[in-house]
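These notes are about the structure you will find just below.
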There are 2 protein chains.
Amino acid sequence: MKIPAPVSKRIALYHRCVATLLSEGKSTTSSQELGERLVLKPSQIRKDLSYFGEFGKRGTGYDLKDLRLSLENVLKINKTWNVCIVGAGNIGTALANHKEFLKEGYKIIAFFDRNTSKIGKKIGEKGILVYPMSELEDKVRLLKIEIGVIAVPASEARNVSEMLVKVGIKGILNFAPTKLKLTDAEIEDVDIAVSFKTLTFKMGVREIERNRSNCKENN
Amino acid sequence: MKIPAPVSKRIALYHRCVATLLSEGKSTTSSQELGERLVLKPSQIRKDLSYFGEFGKRGTGYDLKDLRLSLENVLKINKTWNVCIVGAGNIGTALANHKEFLKEGYKIIAFFDRNTSKIGKKIGEKGILVYPMSELEDKVRLLKIEIGVIAVPASEARNVSEMLVKVGIKGILNFAPTKLKLTDAEIEDVDIAVSFKTLTFKMGVREIERNRSNCKENN
DNA sequence: TAGATTGTTAATCGATTAACAATC
DNA sequence: TAGATTGTTAATCGATTAACAATC
């Protein structure tokens, strides 16, 4: 079945919300409660979940533990994913130091960089090794790496993405400000510069509205 | 006029693409060319641009310099925005060291942290000072800060967001995995954990398709 | 004029939502 | 049984796209 793109995004949010509710000591929830927390319509949540099965009980709602497990299966985080980061810079280091990702099933186990001064160094608190690009293929096989994070400048991103696909990587998290056009891997973009610009765009729109309503007040 | 949310996102992409084309020495472009680069339909690009004005010339396309300027006005990056980062951790440091943002009009000029051991320290290559939370109001006024980046743990995010709004911040870039519910500021979420999960979800869907088509081959 | 490409309208497509029967 | 809440259908809403007149 074809899953609408917005649904894929929201499923991850549901999973997090369910985990939060569990950590608060709750044992059941409803589409109503999830909707309040995530600012979504209950009917949308029920519809989204229905793409993947029937997880609730009519009259009583959802068992949180069951739902969390079901969502983990849907999101494929019922296993640990080994992740490499190409580009041993600031973003890569920040990711490596972030404990949350490991907890959620994403284990960063290798860096790759073409800068010889970085090769052999250990990155971050966990001391993750930086390998040369020439070892990409070997290490991906040896360490069973399935996900590649692209944290290099835009100019190198396309090249790196092709190298990753060539060695069998099937999923790429792309921090570079470049549209990658690959057919053999799934790509998810994290584009901070675009987020900044979207933010100031929306601030501009709101400012205009504020001015308009002020104007009306004065009439 | 109400601008659809997907349009706000794409406008930032158009701006970047136009800048790239200019840096390649080109002087004009077309909705066709932009569409190829960004993997979008030319008609969508023309429609999106039409929300903000008429930027092209029939028969010849768009003048790149003109279009870039127009898009900078739309995105409100015809000025420099002063930005503070709350949370002097790894993500904040990565942002502070990233030269691209300053180039695009976002100037990170202050850190805030409640951890006393970090206060007074200088962060990153540019040595940006860390202030205590108690100075938030003063510094925001003094340094004309208009945007706040939330780079604290989820548990503190809501609190920090309310403090930011209270001192007059009108735009928030939120890296914390929490849904913020503010009405007095625009919020843009950067949610890396959700991106990871969306990625593995899509990888799972594709794997299923691969298996199905393999299965068919064998019949 | 002929060719190209825009801006805009109308048609299509897809996502969201309300409503409700099913059922705990 | 009465109350609650699901899963699902059908209606609504909104975004994308094709088509084309306008015009460079």
Side-chain angles (χ1 to χ4, degrees), chain A residues 1-14 17-18 21 26-71 73-74 179 198 201-202 205, chain B residues 1-14 17-18 21 26-71 73-74 179 198 201-202 205:
Chain A
M1 196 202 314
K2 221 357 220 57
I3 308 296
V7 176
S8 336
K9 291 255 158 214
R10 286 194 298 263
I11 290 290
L13 294 175
Y14 301 161
C17 195
V18 165
L21 287 163
K26 298 208 171 69
S27 63
T28 60
T29 190
S30 62
S31 57
Q32 169 85 32
E33 184 174 41
L34 290 169
E36 276 164 20
R37 297 240 176 175
L38 297 168
V39 194
L40 296 169
K41 294 264 150 56
S43 56
Q44 176 160 72
I45 291 172
R46 294 200 302 275
K47 176 114 235 259
D48 285 355
L49 293 175
S50 77
Y51 284 101
F52 307 101
E54 305 192 1
F55 304 125
K57 249 209 205 67
R58 289 163 200 239
T60 57
Y62 302 90
D63 180 86
L64 280 170
K65 275 195 181 166
D66 287 356
L67 184 55
R68 181 174 58 176
L69 197 65
S70 303
L71 291 175
N73 288 330
V74 168
K179 178 73 194 169
T198 306
F201 168 76
K202 292 194 294 183
V205 171
Chain B
M1 196 203 313
K2 225 348 226 57
I3 308 296
V7 175
S8 337
K9 292 253 158 218
R10 286 193 298 264
I11 290 289
L13 294 174
Y14 301 159
C17 195
V18 164
L21 287 163
K26 298 209 171 67
S27 63
T28 59
T29 190
S30 62
S31 57
Q32 169 86 32
E33 184 174 39
L34 290 169
E36 276 163 19
R37 296 240 177 175
L38 296 168
V39 194
L40 297 169
K41 296 264 148 57
S43 56
Q44 176 160 74
I45 291 172
R46 296 200 300 277
K47 176 112 235 259
D48 285 356
L49 293 176
S50 77
Y51 283 102
F52 307 102
E54 304 193 1
F55 304 125
K57 249 210 206 67
R58 288 162 200 241
T60 56
Y62 302 89
D63 179 87
L64 280 170
K65 275 193 181 169
D66 288 354
L67 184 56
R68 182 175 57 175
L69 197 64
S70 304
L71 291 175
N73 289 330
V74 168
K179 178 74 193 167
T198 306
F201 168 75
K202 293 195 295 183
V205 171

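Excluded from the calculations below are hydrogen atoms, water molecules and symmetry mates; all remaining heavy atoms, backbone and side chain alike, are included. Throughout, a chain's letter reflects where its sequence line sits, starting with A, and its residues are numbered from 1.
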| query | Under the salt bridge (Lys or Arg N to Asp or Glu O under 4.0 Å) test, which residues partner Arg46(B), sequence neighbours left out? | reply |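 Checked Arg46(B) against salt bridge (Lys or Arg N to Asp or Glu O under 4.0 Å); zero matches.
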| said: Expected output is a numbered-order residue list: members of residues 4-12 of chain B with a heavy atom under 4.0 Å from any atom of DNA chain D. What is it? | reply: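 Those residues are Pro4(B), Pro6(B), Arg10(B).
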| said: According to ring pair (Phe, Tyr, Trp, His ring centres under 6.0 Å), who are the partners of Phe201(A), at least two apart in sequence or on a separate chain? | reply: Phe52(B)
| query | When rounded to the nearest 0.5 angstrom, what is the spacing between CD1 in Ile3(B) and NZ in Lys202(A)? | reply |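 The NZ atom of Lys202(A) is 13.0 Å from CD1 of Ile3(B), to the nearest 0.5 Å.
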| query | Which distance, rounded to the nearest 0.5 Å, do you find between the CZ of Phe55(B) and the CG of Leu69(B)? | reply |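 With rounding to 0.5 Å, CZ (Phe55(B)) is 10.0 Å from CG (Leu69(B)).
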| query | Quick one: are Leu71(B) and Leu49(B) in side-chain contact, heavy atoms under 4.5 Å? | reply | yes
Throw together a table of side-chain donor-acceptor distances under 3.5 angstrom for residues 57-64 of chain B, partners on residues two or more places apart or in other chains.
unit_1   : atom_1 : unit_2   : atom_2 : d
Thr60(B) : OG1    : Lys57(B) : O      : 3.4
Asp63(B) : OD2    : Lys65(B) : N      : 3.2
Asp63(B) : OD2    : Asp66(B) : N      : 2.9

Under the rule for side-chain hydrogen bond (donor to acceptor under 3.5 Å, both in side chains), what residues qualify as partners of [X], not counting sequence neighbours?
| X | result |
| --- | --- |
| Lys47(A) | none |
| Lys179(A) | none |
| Arg68(B) | none |

| message | Short of 4.0 Å, heavy atom to strand atom, which residues of residues 37-46 of chain A count as contacting DNA chain C? | response | Lys41(A), Ser43(A), Gln44(A), Arg46(A)
| message | Quick check on contacts: within residues 52-62 of chain B, what sits under 4.0 Å from DNA chain C by heavy-atom distance? | response | Glu54(B), Phe55(B), Gly56(B), Lys57(B), Arg58(B), Gly59(B), Thr60(B), Gly61(B), Tyr62(B)
| request: Extract, from 5' to 3' on DNA chain C, the first and final nucleotides lying under 4.0 angstrom from some heavy atom of chain B. | output: dA4(C) to dT9(C)
| task | Find which nucleotide of DNA chain C each of Lys47(B) and Thr29(B) is nearest to by heavy atoms, and output the residue with the more 5' nucleotide. | result |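 Nearest-nucleotide comparison on DNA chain C picks Thr29(B).
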Can you list, pair by pair, the side-chain donor-acceptor contacts under 3.5 Å of residues 32-43 of chain B, counting residues two or more places apart and other chains?
unit_1   : atom_1 : unit_2   : atom_2 : d
Gln32(B) : NE2    : Glu36(B) : OE2    : 3.0
Glu33(B) : OE1    : Thr29(B) : OG1    : 2.6
Arg37(B) : NH1    : Glu24(B) : OE1    : 3.4
Arg37(B) : NH1    : Glu24(B) : OE2    : 2.9
Arg37(B) : NH2    : Glu24(B) : OE1    : 2.8

| DNA chain D: stems of at least 3 consecutive Watson-Crick or G-U pairs, cut-off 3.5 Å? |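 Stem list for DNA chain D: C:3-24 with D:3-24.
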